[in-house]
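I have placed the structure first, in the form of structure tokens, so that the comments after it can refer back to it.
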Protein chains: 2
Amino acid sequence: MADVAAMAGVSSQTVSRVANNRSNVEAETRRRVLSAMRVLGYRPNTAARALVTGQFRTLGLISFGFSRFGNARTVDAVIKVAQRAGYTVNMISIESQTERAVHDAFDQLRLQAVDGIVLVEAQTLDTPALRLPPGVPVVMADGDVSHRHPTVDTDQALGARLVTRHLLELGHRTVWHVAGPEDSYAARRRTASWHDTLKEAGAPVPPVLFGDWSAASGYEAGRHLLNRPEVTAVFAGNDQMALGVMRALTEAGRHIPGEISIAGFDDIDESGFFSPPLTTVRQDFDVLAEQIVSLMLGQIETGEAPSATAFVAPRLIVRASTGAPPPAGRR
Amino acid sequence: MADVAAMAGVSSQTVSRVANNRSNVEAETRRRVLSAMRVLGYRPNTAARALVTGQFRTLGLISFGFSRFGNARTVDAVIKVAQRAGYTVNMISIESQTERAVHDAFDQLRLQAVDGIVLVEAQTLDTPALRLPPGVPVVMADGDVSHRHPTVDTDQALGARLVTRHLLELGHRTVWHVAGPEDSYAARRRTASWHDTLKEAGAPVPPVLFGDWSAASGYEAGRHLLNRPEVTAVFAGNDQMALGVMRALTEAGRHIPGEISIAGFDDIDESGFFSPPLTTVRQDFDVLAEQIVSLMLGQIETGEAPSATAFVAPRLIVRASTGAPPPAGRR
DNA sequence: GATCCTTGTGTTTACGTAAACATCAGGGCA
DNA sequence: TGCCCTGATGTTTACGTAAACACAAGGATC
């Protein structure tokens with residue numbers, strides 16, 4: 001920086017002003033400084049800048065691996081949006097979802113000096129009232145709304161309602177449900193909404209089967225469903241479990257959707273090519289990420305935590321895995 | 001830090017020594033300082049530390065989105081290994097795979113001050129001899145070996161060989177291939193190895209069909225294959241394309257593996273639950289990540305770039321989508 | 001017993017930047 | 001004409017840390 005100042009014949013402070021795009025620099029001076037910067041290949045030192053300003057233009061992101069489709073997509077989208085806003089993303093991936101692990105991750109990020117922290121899939125924590133160390137802006141993605149931090153999430157309830165209604169409208173007497181793990185807030189909301197939608201429609205509410213989001217757990221659930229000849233429609237908490245259910249049924253010679261209709265949630269890239277292609281719910285992760293980052297930047301700038309909760313609407317994608325129930329005689 | 005020094009009755013330099021775990025501090029003094037640090041909730045300021053040392057304990061990672069299974073798994077594993085080594089990972093996600101975009105990402109990471117940069121799936125670049133700005137250690141994951149940077153990758157050739165041989169040994173006269181995009185180095189190596197394996201076995205080499213890794217492109221390829229009654233075995237470049245091929249065949253009433261055998265590459269989480277479950281090749285991303293990070297840290301410490309190329313061996317996973325060819329009469 | 005090395009500690013300094021304050025020239029206004 | 005305000009720029013300082021150097025005390029070596 002000193003070299004640039006010398007070459008341009010100005011003080012280092014003026015160079016700083018140009019580097020930060022301040023207004024009060026004469027056009028001619030600015031031009032000289034910029035050209036000197038280019039010639040010398042000057043690039044501002046982030047560490048020194050951060051030392052003075054206390055700002056790092058970096059966001060921390062804590063996530064629980066990429067195996068859940070929604071997590072991977074959310075992380076990817078947040079990174080891209082943050083980049084556009086001139087922020088870099090510092091990632092931490094946690095194996096176990098204990099409060100302790102989250103705290104450690106939090107500590108590490110604060111050591112690494114980030115301006116704010118995004119917590120993806122925060123709901124799977126032991127403690128619903130997670131106490132995070134104060135002093136850093138936080139935004140929860142896909143988290144429990146009761147938290148004291150701003151939260152952004154897909155409208156899980158709406159998604160589950162869309163699927164359930166779709167199946168009822170096809171003529172099914174009721175819809176069975178393979179839920180995600182009980183400690184997942186997203187899973188709980190999907191399940192609650194499925195339950196409410198059935199109630200509203202006056203349909204009987206069958207017992208819930210629980211899975212863990214994996215295709216294997218869906219397969220298990222599917223094996224159970226085989227013993228219930230009255231089942232004609234199944235809503236799985238995500239596409240992987242739907243795939244597992246389909247596999248179990250197909251293996252047993254059941255025809256989908258002729259005998260049983262199956263629907264999922266997420267619309268992973270492969271869903272359109274399952275046998276048969278899967279009816280599911282698509283989330284808009286790009287919009288989700290926009291909201292997350294904008295809430296975060298707002299907090300960083302104002303220093304205040306809005307208690308806002310933003311919901312992003314999902315969309316029903318109808319494919320070949322759902323259809324009318326078989327005629328009563330064949331059940 | 002000054003407060004800690006005052007409370008412990010030592011100089012700030014001694015506090016610094018304790019914080020950095022230097023040896024030359026008396027046990028008693030160390031104890032006093034540590035307790036003072038705890039009481040005051042002291043945490044070292046990364047920016048100041050980086051300003052002095054020029055080290056950030058941060059790795060930059062450039063990746064092309066998470067849609068490719070291998071990328072997502074590699075990124076996740078690298079993050080976890082880096083964390084264990086006390087490094088944080090700063091991620092950049094690029095949409096288009098042009099040299100220009102990579103350069104921009106590189107610049108941004110250097111601004112954010114990282115100690116080294118990992119480039120995931122570097123092979124899809126326009127220029128095989130990518131010229132990266134010097135001065136920062138680089139490790140390529142899944143990249144062209146001809147580059148001047150150390151590279152770590154799965155042994156793609158071995159994987160393709162395992163699948164192809166497996167199919168030949170089942171009695172198939174030859175094996176068709178749905179390849180990944182031509183600009184992908186991984187795809188090229190899988191294809192080349194498939195080709196060589198057929199040659200070695202004296203089997204005829206059918207024309208290659210190209211896809212873009214997506215299930216949709218696999219479906220396209222599958223439709224083409226339907227016109228070729230002589231096809232009894234297909235090796236798809238990844239599991240998604242294999243799924244697409246299976247979908248096309250199933251739709252047309254073909255039985256897998258009774259009439260046609262299908263194999264993939266990657267072993268994505270869902271592959272075991274396709275209809276039928278998919279024979280495929282599993283890569284060990286954890287080992288891959290270990291190698292990447294260790295090569296990186298080596299470079300950072302010594303300042304020298306080893307021209308090493310490390311290959312990680314994959315493993316064949318045999319499931320129900322492959323079997324003996326149909327008897328000649330039924331072909 | 002003198003010299004040297006080692007060990008534990010303190011003092012001074014530099015890292016590169018932006019904030020705070022200081023200065024100076026020129027223009028508007030009474 | 002004199003005052004004050006504004007805009008462009010320079011000067012000084014602080015940010016929190018670790019490196020470099022200094023120094024004292026004690027033990028080992030000859």
Side-chain angles (χ1 to χ4, degrees), chain A residues 1-37 40-58 86 88 107 109-115 135-136 300-301 303, chain B residues 1-37 40-58 86 88 110-115 135-136 300-301 303:
Chain A
M1 177 148 136
D3 298 345
V4 175
M7 177 180 256
V10 297
S11 74
S12 67
Q13 183 56 38
T14 300
V15 175
S16 165
R17 282 194 258 261
V18 171
N20 290 289
N21 244 320
R22 297 305 175 77
S23 55
N24 45 351
V25 178
E26 212 171 356
E28 163 58 17
T29 311
R30 180 186 303 275
R31 204 193 48 67
R32 276 215 319 282
V33 172
L34 283 174
S35 108
M37 292 201 319
L40 297 173
Y42 166 79
R43 43 184 71 247
N45 179 313
T46 313
R49 181 176 282 184
L51 182 59
V52 173
T53 61
Q55 297 258 321
F56 306 85
R57 296 197 76 73
T58 294
T88 272
D107 270 359
L109 283 179
R110 300 217 305 167
L111 272 176
Q112 280 295 334
V114 296
D115 297 320
V136 185
I300 291 174
E301 277 161 26
Chain B
M1 178 149 136
D3 298 344
V4 174
M7 175 181 257
V10 297
S11 73
S12 66
Q13 182 57 35
T14 301
V15 176
S16 166
R17 283 193 257 260
V18 171
N20 290 290
N21 244 319
R22 297 304 177 77
S23 55
N24 47 351
V25 178
E26 212 171 355
E28 163 60 16
T29 310
R30 179 186 304 273
R31 203 193 47 68
R32 275 215 318 282
V33 172
L34 283 175
S35 107
M37 290 199 328
L40 297 174
Y42 166 79
R43 44 183 73 248
N45 178 312
T46 314
R49 182 175 282 183
L51 181 59
V52 173
T53 61
Q55 296 257 321
F56 305 85
R57 297 197 76 74
T58 294
T88 273
R110 300 218 305 170
L111 271 177
Q112 279 296 331
V114 296
D115 297 319
V136 184
I300 291 174
E301 277 162 26

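These values consider heavy atoms only, across backbone and side chains, with no hydrogens, waters or symmetry-generated copies.
In this structure, A/Arg49 does not reach the C/dG16 phosphate: none of its side-chain N or O atoms is under 4.0 Å from OP1 or OP2. Put simply, A/Thr29 has a side-chain N or O that comes within less than 4.0 Å of OP1 or OP2 on D/dT9. In this model, the phosphate group of D/dA19 is approached by a side-chain N or O of B/Arg22 to a distance below 4.0 Å at OP1 or OP2.
Remark: C1' of C/dG8 and CG of B/Asn21 are 16 Å apart, rounded to the nearest angstrom. If you take CG of B/Asn24 and P of D/dA24, they are 18 Å apart, rounded to a whole angstrom. Atom pair B/Arg30:CZ and C/dT9:C1' shows a separation of 13 Å (rounding to whole Å applied). Across the protein-nucleic acid pair, A/Tyr42 atom OH and C/dT17 atom P stand 4 Å apart, rounded to whole Å. As rounded to whole Å, 14 Å separates atom C1' of D/dT6 from atom CD of A/Glu26. As rounded to whole Å, 16 Å separates atom P of D/dT9 from atom CG of A/Asn20. Rounded to an integer number of Å, the gap from CD of B/Gln55 to P of D/dT17 is 17 Å. A/Leu51 places its CG atom 9 Å from the C1' atom of C/dC15, with the value rounded to the nearest Å.
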Before you tell me yes or no, could you show the steps for A/Arg32 and A/Val18 under side chain to side chain contact (heavy atoms under 4.5 Å, CB included), namely the whole-Å CA-CA distance, both residues' side-chain angles and the distance that decides it to 0.1 Å?
CA-CA 10 Å; A/Arg32 276 215 319 282; A/Val18 171; over 6 Å; no
B/Arg49 vs B/Asn20, side chain to side chain contact (heavy atoms under 4.5 Å, CB included): CA-CA, chis, key distance, verdict:
CA-CA 11 Å; B/Arg49 182 175 282 183; B/Asn20 290 290; 3.9 Å; yes
Please report the C-alpha distance between A/Glu26 and A/Thr14 in whole Å, then the side-chain angles of each, then the deciding distance to 0.1 Å, and finally whether the side chain to side chain contact (heavy atoms under 4.5 Å, CB included) criterion is met.
CA-CA 10 Å; A/Glu26 212 171 356; A/Thr14 300; over 6 Å; no
Set out, in order, the CA-CA distance, both residues' side-chain angles and the distance that settles side chain to side chain contact (heavy atoms under 4.5 Å, CB included) for A/Asn45 and A/Met1, then state yes or no.
CA-CA 9 Å; A/Asn45 179 313; A/Met1 177 148 136; over 6 Å; no
Could you list the protein-to-nucleotides 26-28 of chain C atom pairs, N/O on both sides, closer than 3.5 Å?
none

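Here the shortest heavy-atom pairing between A/Arg22 and A/Arg30 reads O-NH2, 2.7 Å. Nearest heavy-atom pair, B/Ala36 versus B/Ala8, reported as atom, atom and distance to 0.1 Å: CB-CB, 4.2 Å.
Of the listed nucleotides (C/dT17, C/dG8, D/dT17), C/dT17 has the atom at the smallest distance from the side chain of A/Pro44. Listed nucleotides: C/dT9, D/dT17, D/dG10. Nearest to the side chain of A/Ser11: D/dG10. Between C/dA18, C/dA14, C/dG10, one nucleotide has an atom nearer to the side chain of B/Val52 than all others, and that is C/dA14.
Heavy atoms of A/Asn45 sit under 4.0 angstrom from primed sugar atoms or phosphate atoms, though from no base atom. Counting non-hydrogen atoms under 4.0 angstrom, B/Gln13 reaches a base of the nucleic acid.
A donor-acceptor contact under 3.5 Å is not formed by the side chain of A/Arg43 with the base of C/dG16.
For the pair A/Ser12 and B/Ala2, nearest-nucleotide mapping onto DNA chain D gives the more 5' position to A/Ser12. Between B/Arg17 and A/Ala47, the one whose closest nucleotide on DNA chain C sits nearer the 5' end is B/Arg17. Taking the nucleotide of DNA chain D with the nearest heavy atom to each of B/Ser16 and A/Val25, the more 5' of the two is matched to A/Val25.
To the nearest 0.5 Å, atoms CZ (B/Arg43) and CE (B/Met37) are separated by 11.0 Å. A/Ile300 CD1 to A/Asp115 CG: the interatomic distance, rounded to the nearest 0.5 Å, is 5.0 Å.
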